[in-house]
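Side chains are part of it too, since the values below use all heavy atoms of this structure and drop only hydrogens, waters and symmetry mates.
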Amino acid sequence: MGARHRIPHRRLLETRTSRQCRSRTLIKDSPRIIAKVKHRKGAMVSAFAIISFIARLRPEDSGLYVCTGGFTKEARYEADRAYVPVRLLDLGSFVRNYVEIYDKVNDNDRAILPLTRVWLPA
């Protein structure tokens, strides 16, 4: 796989397209971070969906695509070869990243997706 790009944590601004599909933009002016979030139980995102997402991005933008169902091999290939940095997060990657930064998240954001530590004997 290609190099992964870290996307800084910033406040999200919500916009809506003509199809009422949610798209999230982290900042209004360039460079922008565009995020798309899909919940697909057991269905992977195809290469066509990634190509369509990338087509909406400007050259100075960064993309973040989160899908609980995961991504096909071809979708990952398209994201790696994109002309802009695109990061793909499946459910496992999202959970690992969220647990990693959870201690740094403010209380308002923790209320949206709270976690509880569970200790197990070794």
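Between the side chain of Y77 and the backbone N or O of T72, no donor-acceptor pair lies under 3.5 Å. A distance-only check finds a donor-acceptor pair linking the side chain of Y98 to the backbone of L113 [under 3.5 Å]. A distance-only check finds no donor-acceptor pair linking the side chain of R32 to the backbone of L57 [under 3.5 Å]. Although no hydrogens or angles enter the test, the distance criterion places a donor-acceptor pair under 3.5 Å between the side chain of Y102 and the main chain of L115. Although no hydrogens or angles enter the test, the distance criterion places a donor-acceptor pair under 3.5 Å between the side chain of R110 and the main chain of V105. No donor-acceptor pair under 3.5 Å is formed between the side chain of R40 and the backbone N or O of C67.
F71 is listed as a side-chain neighbour of R76, based on a closest heavy-atom distance under 4.5 Å. Using a 4.5 Å heavy-atom cutoff, the side chains of F53 and I34 are in contact. Here the side chains of L88 and I50 are in contact, with some heavy-atom distance below 4.5 Å. Within the 4.5 Å cutoff, side-chain heavy atoms of I54 are placed close to those of Y83.
With rounding to the nearest 0.5 angstrom, the CG atom of N97 is 8.5 Å from the CZ atom of F94. The line from CE of M44 to CD of E74 is 10.0 Å long, rounded to the nearest 0.5 Å.
Under a hydrophobic clustering in which Ile, Leu, Val, Met, Phe, Trp and Tyr are joined whenever their side-chain heavy atoms come within less than 4.5 Å, directly or via other members, Y65 and V84 fall into the same cluster. Note on I112: it does not cluster hydrophobically with V95, by side-chain heavy-atom contacts below 4.5 Å among ILVMFWY residues. Residues L89 and V37 share a hydrophobic cluster, clusters being chains of Ile/Leu/Val/Met/Phe/Trp/Tyr side chains in contact below 4.5 Å.
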Margin query: For a salt bridge (Lys or Arg N to Asp or Glu O under 4.0 Å) check, start with the C-alpha distance between D103 and R117, then their side-chain angles and the critical distance, and finish with the verdict.
Written below: CA-CA 11 Å; D103 294 331; R117 289 192 191 272; 3.1 Å; yes
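Under a 4.0 Å N-O distance rule, the pair D90/K38 does not qualify as a salt bridge. Classification of D109 and K104 as a salt-bridged pair fails, no side-chain N sitting under 4.0 Å from a carboxylate O.
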